[in-house]
Amino acid sequence: MDARITEKKGFSSDLNRMLREPSLVASLAVVIVLFVLFILYPLMKICIEPGWADWAEFFSDKQFIGALYNTILSSLLATLTAVLLGLGYSYAVNYTEIPGKAFFRFVVLLPLMAPSVISGLAFIMLFGRRGMITYHLLGMRVDLYGWVGLWAVQTLAFFPLAYMTISGVLRSISPNVELAAQNLGAHGWRLFRTVTFPLALPGILSAFLLVAINAFADFGNPILIGGNHHMLATEAYKQVTSAFNMPLAAVLSIVLLLPTLAVFLFQKYFLDRRSFVTITGKPVAGLTRITPGPLGSRLLFCLCAFVSGYILLTFGIVVLFALTVNFGFDYTFTIDNFTEVFFRSEAMRNSWVLSIIAAMITTLLGIFTAFLVSRKSFPGRGMVDFVALLPIAMPGTFMGLALVLAFNTWLAGTAAIIVIGLTLRQLPVGYRNAISAFKQIDKSIEEASTNLGANAPKTFRLVVLPMLKNAVSTSLVYSFLKNINTLSTVIFLFSPQWLLASYAILSLADHGYYGKASATALGMMLSIIVTFGVAKFFLRDRIRIFDL
Amino acid sequence: MSDSVPAVEFKNVSKVFGNITVINNVSLVIPQKSFVTFLGPSGCGKTTLLRMIAGFYDCDAGEIFIKGRRVDPVPPYARNTAMVFQEYALFPHLSVFDNVAYGLNIQASEGRIKQSDIEPRVMNALELMQLNALRDRFPHQMSGGQQQRVAVARALVMNPDALLLDEPLSNLDAKLRESVRVELRQIQKKLQLTSIYVTHDQQEALSMSDMIVVMNKGVIRQVGSAHEIYYKPNSRFVADFIGTTNLIDVDLNGGAALYKDVPVPLEGAGIPQSGSASVSLRPESLRIGKEKVENSFNLEGTIRESMFLGEKTRYTVVDAYGKEWIVDSFDPGLTVFEGQVWLTATPDKPHLIVEE
């Protein structure tokens, strides 16, 4: 035995190992077929749709180049302000003893439960040409449509997302580290600058990227508030719905994909490897960290009060519009708007049913894929991981258009295509959640199951799923929320037979039916809350709704 | 299946991680119904070897057989080699009963055993490990010792071809460890179960095993009974790793050994005529005294330190050549030696180690 023995690894040994487990081959085949059919094939379709002429048209038309410029600029602007607000707000909520903390914490969750167009809708009703504040209260004749309005609306629309992400990061910083810094004499601004901020920086950056992707892909607010401020997503929509120019719409969507894809790749291959936020030591129970001085606390309180005041104003105006005949002109109380929305339109029911179905599929597929990727070795594992995360980089409109181009002939107008779109859109979240849950579960528990005779699918069903209860419920809740509230993903996918509530808001608002639009938005929030309540009752388990 | 077929057999097995050879051309036969221990310092490859039996690692070369069946191409779930994990790896969402029934439930779902056999077999295993009262508890409601018993019961109930134990006692406190050690050995004998035990604790290995496999750097250094390993180590490594010993270099000349100028009387045949070798002398094999002893190994030295340990006093003695000797004097009473002493050993005590 002189020949040097080397480790059997790489493609062929992975393949050998895989072929020994028929159940693994079958599971993998299912996942790969699904990915190829519903992610890669549509991606390819949309890429080959436009010809050179369409690309040439895009680059020679000033309006499109302008749209690209607008999209990048206003998205970055809104992202920056949303992240700054989110940082201040989450710092105030986690690091100070300002009064009303519980209230601030609650208020910021409201927008997460509402369709994102609600902020655009409320903005029109508050500050539009006939806005309650600008026109009725102040008698101003201003036109805030365009980039300024959009900036304000998107900032507030995406602020909760920034807040959630940064808050999670701040909470994961061990208080011991900050206590150590205080023990060495640091406090107030210096403590924040030298310890808290550097530790939170990677998290803040990833919040920035997350918000940026969402802002780039935002569709509802630009179409409501954008006015003459053309954006890529809305231009693509116009090409599909009024010019019927699919190739050009594909070009616009691909251009929209590029910045989000860049952000995604940057995050996946650069940021994730550099994160140094680690949870060190045991969290000290009952320890509150009060770090800013009195002046800082007061400033932070003002910030929180302002932001949450605005959020309440948003929801207040929506409620008022929904419950009156024509708010601003006719203040008669009515529930007609609600009865119309709930009983004369199927949009609400459709949204609810399809969102639930898609959330279930997403959760199961995400966890199963995560199981295969994090626990099994097979050739192409890295590829599966990449493809499972890819949809996060795809703006909703892009994905919708790709699916339409790929499946128009046999799925057009069906509920199936909507479910596919919603499922794919949230797959990365469910998947990533599950991957991090797997990291926390000792691998030997699954080895024990294998050792006792269970193959991969059995181990998954009997041991993995039950242990991932939290990841399952988080993923279910989060995808349901996102599914029911999304507009951009479904804008090309819904059909007259399958009208959806989020689109109903847009079209009602576009036609000036603010009362009905408001009632629809509130109705969706109500149905979400009722759904959670029922789920909580039946599961008895504490559902962790906002622990993402 | 006759008992003469080995329970487990390795044939020229190697395992490489990256460019580190973790298991280097290992061949080993583990007889049925025996209690075998893989012993070695951390990183010696003992756990890797155990996990290769279970199928958690593939062989990069060689073959593994379980009861004559070649298993290295068999997936881990089809090997019937129930394992007790170091961290127990109990299923946190299942009760004690369901944890133990887990493997049987799978066999029943595949039609290999009857559903009605499960409960009596589980109860049997629980009884054996004295867990009857805890059958409805969940892992987080139990102490470490109890969890460990569940882990053992869960493996025993499978009636495995080989029971694999990966340092199962390392998370228990010293007292408990000792009692579980005795208990495990009793159960193993009662059930006539081939057991393969991984540990770095030589006390555990010596007290439990029919056969000890001493490993270092991916290579088996010695295979033998506890007595052989302790009293007849085949290498300086084994002599040094098992227990405490005094190792000296000796020159061989015409069947006699010489430590510097001091003759080392040896017993037994097969002493090479010339060359150099090592001699191992255990601290308890040396006597300490003020006088020389006839027909014995006699070495003069100075006591540098003495440590009273209750049942013995441990002396550190330095000889004329600067070497430190460790000598145990049992049942010392109030006797305390000081200054110049003679270390002596009868010819049956020194063990000659001849290595290439």
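Each chain gets a letter, A, B and so on, in the order its sequence line appears, and its residues count up from 1. As a basis for the values below, the full set of heavy atoms in this structure was taken, side chains included, without hydrogen atoms, waters or symmetry mates. Being a predicted model, the structure only gives us computed values, none of them experimental.
Contact between S34(B) and I30(B) at its shortest, heavy atoms only, is OG-CG2, 4.0 Å. Nearest heavy-atom pair, M158(B) versus L104(B), reported as atom, atom and distance to 0.1 Å: SD-N, 4.1 Å. Among all heavy-atom pairs drawn from F91(B) and I445(A), the shortest one is CE2-O, 3.2 Å.
With values rounded to the nearest 0.5 angstrom, N216(B) atom CG is found 12.5 Å from Q222(B) atom CD.
In this structure, the side chain of N483(A) engages the main chain of S355(A) through a donor-acceptor pair within 3.5 Å. Without hydrogens or angle criteria, S143(B) side chain to Q146(B) main chain gives a donor-acceptor distance under 3.5 Å.
Proximity to chain A (any heavy atom under 4.5 Å) is restricted, for Y102(B), to the side chain, taken from C-beta onward. Both the backbone and the side chain of M83(B) come within contact range of chain A, each with at least one heavy atom under 4.5 Å from a heavy atom of that chain. Contact of A82(B) with chain A is made through backbone and side chain together, with heavy-atom distances under 4.5 Å. Heavy atoms closer than 4.5 Å to chain A are found in both the backbone and the side chain of F17(B). At a 4.5 Å heavy-atom cutoff, V84(B) makes no contact with chain A through either its backbone or its side chain. Within the 4.5 angstrom heavy-atom criterion, only backbone atoms of L90(B) (N, CA, C, O) approach chain A. Both the backbone and the side chain of R154(B) have a heavy atom closer than 4.5 Å to some heavy atom of chain A. Using a 4.5 Å cut-off between heavy atoms, Q86(B) does not touch chain A at all.
Most heavy-atom pairs under 4.5 Å with chain A, from the set T81(B), V22(B), L94(B): that is T81(B). Listed options E447(A), K443(A), M467(A) were ranked by heavy-atom pairs under 4.5 angstrom with chain B; first place goes to E447(A). Residue with the most contacts toward chain A among P73(B), S109(B), G55(B): P73(B) (heavy-atom pairs, distance under 4.5 Å).
Remark: S235(B) engages no residue in a side-chain hydrogen bond (donor to acceptor under 3.5 Å, both in side chains) (not counting sequence neighbours). The side-chain hydrogen bond (donor to acceptor under 3.5 Å, both in side chains) check on R177(B) picks up nothing, with sequence neighbours excluded. For E446(A), the side-chain hydrogen bond (donor to acceptor under 3.5 Å, both in side chains) partners at least two apart in sequence or on another chain are R375(A).
Within residues 454-464 of chain A, the residues that have a heavy atom under 4.5 Å from a heavy atom of chain B are A454(A), N455(A), K458(A), T459(A), L462(A), V463(A), listed by number.
Within 6.0 Å of atom NZ in K376(A), more than 12 heavy atoms from other residues, nucleotides or ligands are found, so the atom counts as buried in its surroundings.
Note on E63(B) versus R70(B): salt bridge recorded, some NZ/NE/NH1/NH2 to OD/OE distance being below 4.0 Å.
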